[in-house]
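As the structure is a prediction and not an experimental result, all values here were calculated from the model. Just follow the structure's listing: the first ligand is 1, and inside any ligand the first atom is 1.
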Amino acid sequence: MSKVQVMDHPLIQHKISYIRSEEVGSKEFREIVGEIASLMCYEATRDLKLEDVRIKTPICEMVGKQLSGKKLAVVPILRAGLGMVDGMLNMIPSAKVGHIGLYRDPETYEPVEYYCKLPSDCDEREVFVVDPMLATGGSCVAALQMLKDKGVKHMRFMCIIAAPEGVKRLQEAHPDVDIYIGALDDHLNEHKYIVPGLGDAGDRIFGTK
Ligand code: URA
């Protein structure tokens, strides 16, 4: 079963509480989503492998550490996931960025892929799939399956706020994908919004309504 980690760093908790307020406007909301993504990325990359590297400083030679193992990629689920990309790249600037977009078929209610562009070597990379809100889990489960079908083998999923219903569904569908959560909320309402949540993350990031 996958690992579920709620990232309880005080800065992450503080910033999430701040952006929940309906009084926070788009500019500030977007900036703080980026900051939260950076902090979460920092925490979620604690287990990356290191190797020794010889360095000549201006003073002497030494053995330092550098990242080894798989290269990284970030894949936002469109549209709200875009709000987390820059924050992730602040921490892992050499990561490549793919994109995946899904819409719900109005007749079958099944998620349908409308856009997917991934790094050509995504099958060899550790891919961080990001979406600020894990609500029902439907689009996330479908996105991860689409990425697996395109050859992605190693994925982690990161969201800022999750509902228990979405976490359960995601764990059942993709037990191999570790889940990083900023805050685990209470439940979904009848419109499938997370309660207490922060409203529609995409609308708040992009100033649409
Ligand atoms: N997506 C959002 O942006 N917010 C929710 O509460 C649920 C899904």
Quick check: are there more than 12 heavy atoms from other residues, nucleotides or ligands sitting under 6.0 Å from OH of Tyr42?
no

Check: Ile36 and Tyr18 side chains under 4.5 Å, non-hydrogen atoms:
no

Pair Asp203-Arg79, salt bridge (Lys or Arg N to Asp or Glu O under 4.0 Å): steps then yes or no
CA-CA 9 Å; Asp203 280 345; Arg79 142 185 91 136; 2.9 Å; yes

Should Met88 and Phe128 count as side-chain neighbours, where that means a heavy-atom distance under 4.5 Å?
yes

List, ordered by chain and residue number, the protein residues whose closest non-hydrogen atom lies under 4.0 Å from any atom of ligand 1.
Met133, Ala135, Lys192, Tyr193, Ile194, Gly199, Asp200, Ala201

Report yes if the side chains of Met7 and Leu39 come closer than 4.5 Å at any heavy-atom pair, otherwise no.
no

Heavy-atom neighbours of His187 NE2 exceed 12 at 6.0 Å:
yes

